[in-house]
Q: 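Starting off with a structure, shown below.
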Amino acid sequence: MTDNGRLQLAEMFEEAREQNRAVLLPYLTAGIPDVGTSIEIFAAMAAAGADGFEVGIPYTDPLMDGPVIMEAGEMAIRSGVTVDVALEVVTAIVTETGKPVLVMTYVNPVLRHGIDTFFAKVRAAGAAGVIIADLPADEATPFMAAAETSGLGFVLFAAPTTDDDRLAGVIDADPAFVYAIAEIGVTGERTDASSNVARLAERIRRLSDVPIVFGVGISTPDHVASAARHGDGIIVGSGIVRRVLEAGSPAGAASDVGAFVGELVTATKRG
Amino acid sequence: MRLDHPDDRGRFGDYGGAFAPETLMPALKELEEAFVAAWADDAFHAELDALLEHYVGRPTPVYHAGRLSEELGIDLYLKREDLAHTGAHKINNTVAQGLLTKRMGKNRVIAETGAGQHGVATATACALFGLDCVVYMGEKDIERQALNVYRMRLLGTEVIPVTTGTGTLKDAVSAALRDWVASVETTHYIIGSVVGPHPFPWMVREFQKVIGEELRSQLDGSPHAPTPDVIVAPVGGGSNAMGIFYSYAGDDGVRLVGVEAAGLGIATGKHGASLGEGSPGVLHGSMTYMLQDDHGQVLEAHSISAGLDYPGVGPEHAHFKDDGLVEYFSVTDDDAVAAFHRLSRTEGIIPALESAHGLAWIIANAEHLEGSVVVLNLSGRGDKDVQQVAALHD
Ligand SMILES: Cc1ncc(COP(=O)(O)O)c(C=O)c1O
């Protein structure tokens with residue numbers, strides 16, 4: 001395994017491309033329902049075939065998140081999941097599963113740490129990349145520089161509302177992958193598969209072959225199957241977090257979520 | 001027109017900017033373009049000015065508070081924003097943003113509210129322009145501002161209680177921003193103060209600066225008070241203060257004083273003094289002073305006044321603080337309530353608890369201010385607070 005996070009992510013995408021499938025990157029807030037159980041759940045998801053993970057560092061005012069992930073974040077903050085605790089979870093996941101981990105958070109906890117310190121810590125914890133939900137390309141320059149220095153992949157967003165000028169700016173900034181927002185709205189489960197993915201993927205593809213990962217509103221194997229036809233990867237968050245919050249016991253959470261992720265992984269295969 | 005601030009990234013010095021989910025970024029650009037076009041368009045100004053005069057009731061009077069002046073040994077003037085339609089300065093901004101909403105071809109409006117004054121002002125503008133309106137309000141504020149909740153409903157607005165986080169203004173702003181992430185194609189967010197991502201802090205300041213511009217022309221003609229020595233305003237998000245300060249900022253000889261909420265006392269940690277006690281960070285889309293812990297989590301603010309109960313402040317105030325253009329102080333709940341009573345008894349004017357914070361600072365500093373001409377931005381009337389103040393004495 002390479003010791004550069006960005007290259008690690010690139011290898012993950014490359015391997016999946018060769019196998020004609022998209023990667024599955026489940027999201028879970030660090031330390032939900034508790035630190036030990038969250039590590040077990042990540043291990044169960046790895047065993048079920050997840051390619052990598054998004055580990056959420058909770059923030060009090062998550063503007064991009066719907067009720068399920070908000071609830072998980074409030075619970076994590078109450079139980080003392082700080083950046084340092086979340087990064088311990090990251091280290092445990094990387095050690096146990098060997099899969100690439102992306103840290104997902106909001107801009108203020110990063111600023112409070114200091115941008116360079118934060119990125120250095122994240123890399124030292126073993127993560128491969130960083131996603132900051134409220135950081136548009138326009139404000140990303142110092143963050144991307146810190147990511148590069150620390151050997152981390154940095155992710156930028158494209159939404160169905162992003163116009164061609166902005167999209168070109170996102171591509172020019174050269175992110176590790178483009179997080180393509182499948183639904184206009186905050187994170188949360190949806191009934192229907194997104195009608196935006198094909199068009200958004202086509203618009204990005206016209207400019208670049210940067211990996212495209214769909215997220216927001218993807219919560220069933222059907223949604224995954226439809227997004228997998230157009231992108232290199234899929235992030236599933238609320239569907240997983242809800243199962244963890246609703247599980248009766250820690251052991252139950254790991255096995256429920258493991259089984260669910262198994263179904264999602266099957267749906268990532270194209271053709 | 002001073003369109004020189006902020007810079008093209010929406011920064012006032014180090015503060016401001018637009019830290020928002022990508023989904024919203026195109027709408028923020030669209031809003032900026034629509035605002036710049038409207039603000040350069042005489043037809044927009046003509047329509048807005050006519051509404052400000054005939055609907056809002058501008059210019060609002062400047063009143064010399066004679067009895068209180070005598071008691072305090074100063075020359076105290078009140079800029080009577082409480083006499084604007086709906087009872088606070090908030091309407092200056094909502095009528096202008098309502099017009100802009102129509103120009104952008106959107107038919108639904110969302111807003112947050114703390115004290116309910118911005119919610120009422122938005123509901124009013126939406127009734128006036130025939131726009132659908134949804135207002136997010138923290139459950140704690142719904143309790144303490146029941147009158148304004150009912151006014152919004154009378155005006156045809158849906159009030160959605162926000163139960164997440166602290167159940168106050170901060171969470172109402174977050175909830176409104178989340179709604180906007182989902183509804184941005186059809187909906188405009190009428191933010192209620194000089195806060196939020198660019199272009200809001202700039203645009204709302206432009207819509208509120210009429211307060212200070214009027215004051216200048218009103219006092220210029222007065223034989224008693226050619227120039228104020230001190231202008232005082234309460235600071236929640238900072239819109240009434242920015243509105244009255246802006247045309248005086250940088251004027252030598254006019255001291256500008258913003259008054260934040262000290263709540264139960266700064267030492268108790270239960271306050272809303274973002275400028276006085278906070279540190280720079282990003283809250284609700286802009287870089288500014290905010291109340292946060294060592295991990296960058298947003299702290300709960302506290303104030304008896306729902307409109308000052310906010311852990312952030314407009315980025316241009318952060319800039320003014322660092323540049324020393326404005327001084328910021330804070331006043332406790334108790335002192336604000338005492339000032340609320342004092343203005344009611346001496347002048348027959350029941351002020352909003354927010355505005356009472358400004359007056360409390362003047363009362364506490366009357367000795368140093370002796371003989372000076374002091375203008376208080378009386379940002380709103382106190383009807384909404386009567387029940388809450390009555391409950392204190394039960
Ligand atoms: C009467 C009055 N004054 C002041 C404020 C504080 O807001 P700002 O600082 O934006 O003027 C409010 C907010 O609700 C208000 O209703």
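Values in this document were obtained by computation on a predicted structure and should not be read as measured data. Every chain is numbered from 1, with letters handed out A, B, ... down the list of sequences.
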Q: Let's test your reading of the structure: which of B:S174, B:G17, B:A20 forms the most heavy-atom pairs below 4.5 Å with chain A?
A: B:A20

Q: Under a 4.5 Å heavy-atom cutoff, which of A:M64, A:E183, A:M70 has the most pairs with chain B?
A: A:M70

Q: I need the minimum non-hydrogen distance between A:R166 and B:P26, along with the two atoms involved.
A: CD-CG, 4.1 Å

Q: Using salt bridge (Lys or Arg N to Asp or Glu O under 4.0 Å), reason through A:D61 and B:K170 one step at a time and then give a plain yes or no.
A: CA-CA 9 Å; A:D61 289 79; B:K170 161 182 93 82; 2.7 Å; yes

Q: Side-chain contact test, heavy atoms from C-beta onward, threshold under 4.5 Å: evaluate it for B:E185 versus A:T161 and give yes or no.
A: yes

Q: How about residues 189-199 of chain B versus chain A: which residues have heavy atoms under 4.5 Å apart?
A: none

Q: How many angstroms lie between CE in B:M290 and CZ in A:R112, if you round to the nearest 0.5 Å?
A: 8.5 Å

Q: Heavy atom to heavy atom, less than 4.5 Å: which residues from residues 295-306 of chain B reach chain A?
A: B:H295, B:G296, B:Q297, B:V298

Q: To the nearest 0.5 Å, tell me how far A:D165 CG sits from B:K29 NZ.
A: 10.5 Å

Q: Can you name the residues of residues 268-283 of chain B that have some heavy atom under 4.5 Å away from a heavy atom in chain A?
A: B:S279, B:G281, B:V282, B:L283

Q: Side chain, backbone, both or neither: which part of A:D65 has an atom under 4.5 Å from a heavy atom of chain B?
A: backbone

Q: So which part of A:I132 gets closer than 4.5 Å to some heavy atom of chain B, the side chain, the backbone, both or neither?
A: neither

Q: Non-hydrogen atoms of chain A under 4.5 Å away: do they reach the side chain of B:D179, the backbone, both or neither?
A: neither

Q: Under a 4.5 Å heavy-atom cut-off, does chain B meet the side chain of A:L63, its backbone, both or neither?
A: both

Q: Quick check on the interface: out of B:V184, B:T164, B:L24, who has the most heavy-atom pairs with chain A under 4.5 Å?
A: B:T164

Q: Under 4.5 Å, counting heavy-atom pairs only, tell me which of A:T162, A:I181, A:D163 racks up the most with chain B.
A: A:T162

Q: Quick one: closest heavy-atom pair of B:G165 and A:E74, and the distance?
A: N-OE2, 3.0 Å

Q: Picking from A:F157, A:Y106, A:Y59, which has the most non-hydrogen pairs under 4.5 angstrom with chain B?
A: A:Y59

Q: With chain B as the partner chain, list the residues of residues 186-215 of chain A whose heavy atoms fall under 4.5 Å from it, by residue number, and write 'none' if nothing qualifies.
A: A:V186

Q: Which atoms of A:A158 are under 4.5 Å from chain B, going by heavy atoms: the side chain, the backbone, both sets, or neither?
A: backbone

Q: Side chain from CB out, backbone as N, CA, C, O: work out which of these in A:I184 comes under 4.5 Å of a heavy atom of chain B, or both, or neither.
A: both

Q: Tell me, side chain or backbone of A:P62 under 4.5 Å from chain B's heavy atoms, or both, or neither?
A: both

Q: Hey, which of A:D138, A:D84, A:V110, A:V83 has the most heavy atom pairs under 4.5 Å with chain B?
A: A:D138

